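Computed from a predicted model, the values in this text were never measured in an experiment.
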Amino acid sequence: MTLRVYNSLTKKKEEFVPVEPGKVKMYVCGVTPYNHPHIGNARPFVTWDVIRRYLEHKDYAVRHIQNFTDVDDKIINAANAEGVTWDIIADRYIKAYFEVMDKLNIRRAHLYPTVSGHMAEIIAMIEKLIADGYAYVVDGDVYYSVEKFADYGKLSGRSLDDMKAGARVDVDERKSHPMDFALWKSAKPGEPSWESPWGPGRPGWHIECSAMSAKYLGHGFDFHGGGSDLVFPHHENEIAQSEAFAGGGPFVRYWLHNGFITVNEEKMSKSLGNFFLVKDILAHYPPEVLRFFILSTHYRSPLNFSDEQLAEAGRGLDRLRAAVDNMKYLAGTTVARGGSDASQALLAAAARARADFDAAMDDDFNTALAISVLHGLAKEINIYYSAVMAGKVPVAGEAIASVQAAYYELADILGLLVAERMGGSPDVVGAAPVQDTTAPALLDLIVEIRQEARAKKDWATADRIRDRLGELGYVIEDSPQGARWKKREV
RNA sequence: GGCGGCAUAGCCAAGUGGUAAGGCAGAGGUCUGCAAAACCUCUAUUCCCCAGUUCGAGUCUGGGUGCCGCCUCCA
């Protein structure tokens, strides 16, 4: 099966062909660390984490680079407001970034290059752009001359004339074209600065990604992504810089952009002030619920956030988790063993789910459809579970193990159900298992006693035990095969 | 003003021109001592509206309407 991806540059779905067979090089625009990440920030990283997981599932060796823009006005402003240096702010929020993204089970990129760590590369790139006539120096600032780059506007689909006409900002008279953008900004008093051939200053916003992607991935790498608000001007400018620098294109083969998270149908952003911090959401919901919520919509579509939607996502995720519980229970149960037509049907369902899942993901990473495949398999598992619990079919241990493996494997591509597989806590996806052997033993004992009460038709005692355990967060389920307890889902 | 995107049930949401996935919520049923869980059935004669192309359109074309985004920092 071939992977097809929607390329923002061509505005079409295209078959994915890597530059080098078997390898994928991807660069994802990271955050400017000046505040705690909000959930709008979380979407691209969950999305790219799944993209990477799926590519690795397809046996590609993935090289994943994601930057931190640690030299920036917003950081400088935050630092001045607090009376600390810029690096204190950047370090603090880089830590904050990792703290929540780790909880969301986002695998770390192979490298997180920073602007401050790549001044030499950035300056060298600017020097060449000047030497080649694509940039000019004015009073210690360096600007990129958009008119020198014939393809300017090809990503965002706009022409220089359109932009000149629609310019809403006061034009700096020193620029030769209103859309020319800064490659290097001369230092103003009190700002952090670095030495350069044009005097002390700091890089413009866009040049870092051109310089760092070139260093770590080379020219013409496979995937470049980020939020769709980065299409213009950020990515447009990156193309202009990198293709001018390299003397040709393409800078990037496939551009992928995720849609926004909205609140009341409006874009969630720090500047609008309508954002929810990830850490605050995680105080009320398990991280996996947020992750599931994000993946329940195709990455290019807008995703409206609300408490109700998140709760609904949680209930949908519970269904997937319940199927895991049922499989685990069957695997550990003592009911009669042996194969059956039902177990054959279950194995067939698992094989079908694998194929359907891949087909969904091959179609531009359709996670919403992939989740529905998982729901379909969950249903098959539950049908089998019901049949076993009703005493209609024996348990086929090998079938269960095989289906469980398939289920976990698919869930893992989405980065879900990690706690179920690892036996960890749902509070931190992927956390170390909590080994508490006493509580299960006690619960087994209590359930056993309750079964004796039930055998004597002492319903009052049986119900009291069930009610009291319910208050403690444990659910009792009776069946012809006996009673089982489980911890109530969050 | 320029450029782009989206409109599918009560809610979320997928959908390759061939007769509307999945989830949540809701109703009924099976099972159960009662529950719970699970399962079964039902819940869009129809995909914003109007034309057109086609044997056939949620899917293509044109025109409306509404919403959103980018054009300024933004994932």
At under 4.0 Å between heavy atoms, what does [X] touch on the DNA or RNA strands: base, sugar-phosphate, or nothing?
| X | result |
| --- | --- |
| R484(A) | nothing |
| F260(A) | base |
| I476(A) | base |
| M268(A) | base |
| R464(A) | nothing |
| Q309(A) | sugar-phosphate |
| H234(A) | nothing |
| S269(A) | base |
| D73(A) | nothing |
| G30(A) | sugar-phosphate |

Under-4.0 Å side-chain N/O to phosphate OP1/OP2 contact, [X] with [N]:
| X | N | result |
| --- | --- | --- |
| K267(A) | A75(B) | no |
| N41(A) | A75(B) | yes |
| N382(A) | C39(B) | yes |

Distances for protein N or O near nucleotides 18-23 of chain B N or O, under 3.5 Å:
residue : atom : partner : partner atom : Å
G23(B)  : N2   : E312(A) : OE2          : 2.3

By side chain to side chain contact (heavy atoms under 4.5 Å, CB included) - contacts of I76(A) (at least two apart): N80(A), P192(A), R202(A)
Contacts of type side chain to side chain contact (heavy atoms under 4.5 Å, CB included), residue D364(A), not counting sequence neighbours: V5(A), Y6(A), K13(A), H298(A), Y299(A), R300(A)
Pair of N/O donor and acceptor under 3.5 Å linking G15(B) base with N366(A) side chain: no
Anything under 30° is parallel, anything over 60° is perpendicular, the rest tilted; go ahead and classify [X] against [Y].
| X | Y | result |
| --- | --- | --- |
| F223(A) | F16(A) | parallel |
| H206(A) | F181(A) | perpendicular |
| H110(A) | H64(A) | perpendicular |
| Y152(A) | F149(A) | perpendicular |
| F221(A) | F251(A) | perpendicular |
| Y54(A) | F365(A) | perpendicular |
| F305(A) | F276(A) | tilted |

What's the gap between [N] and [M] when it is taken at their [atom1] atoms, as a whole Å value?
| N | M | atom1 | result |
| --- | --- | --- | --- |
| A21(B) | C55(B) | P | 26 Å |
| G62(B) | C73(B) | C1' | 39 Å |
| C50(B) | U65(B) | P | 15 Å |
| C47(B) | C40(B) | C1' | 28 Å |
| C3(B) | C11(B) | C1' | 33 Å |
| A75(B) | C48(B) | C1' | 30 Å |
| G4(B) | G18(B) | C1' | 31 Å |
| C6(B) | A13(B) | P | 14 Å |

d([atom1], [X]; [atom2], [N]) in whole Å:
| X | N | atom1 | atom2 | result |
| --- | --- | --- | --- | --- |
| L377(A) | C39(B) | CG | P | 12 Å |
| Y474(A) | A37(B) | OH | P | 18 Å |
| Y385(A) | C39(B) | OH | P | 11 Å |
| F275(A) | A75(B) | CZ | C1' | 14 Å |
| L9(A) | C3(B) | CG | P | 19 Å |

Between [options], which nucleotide gets closest to the side-chain atoms of [X]?
| X | options | answer |
| --- | --- | --- |
| V475(A) | C34(B), A36(B), A75(B) | A36(B) |
| K486(A) | A75(B), A37(B), G33(B) | A37(B) |
| T32(A) | C70(B), A75(B), C73(B) | A75(B) |
| I383(A) | A14(B), C39(B), C70(B) | C39(B) |
| R466(A) | C34(B), A75(B), C12(B) | C34(B) |
| D478(A) | A35(B), A38(B), A75(B) | A35(B) |
| P233(A) | A14(B), A75(B), C71(B) | C71(B) |

Per-pair stack call F45(A) and A75(B), 5.5 Å, 30°: no
N274(A) side-chain N/O to S269(A) backbone N/O, donor-acceptor pair under 3.5 Å: yes
Spatial distance of atom NZ (K175(A)) from atom OG (S145(A)) [nearest 0.5 Å]: 11.0 Å
Base-pair map of RNA chain B as dot-bracket, where | denotes pairing with a different strand and pairs are Watson-Crick or G-U under 3.5 Å: (((((((..(((.....[...))).(((((.......))))).....(((((..]....))))))))))))....
Ring-ring centroid check Y285(A) F293(A), cutoff 6.0 Å: no
Aromatic contact, Y93(A) with Y34(A) (centres under 6.0 Å): no
Taking every non-hydrogen atom, the tightest pair across V71(A) and I75(A): N-CD1, 4.3 Å
Pairs satisfying side chain to side chain donor-acceptor pair (under 3.5 Å), at least one member in residues 371-380 of chain A, at least two apart: none
Upstream residue (5' side of RNA chain B) when N264(A) and L230(A) are each assigned their closest nucleotide: N264(A)
Between the protein and nucleotides 4-7 of chain B, are there any N/O to N/O pairs under 3.5 Å, and if so, what are the atom names and distances?
none

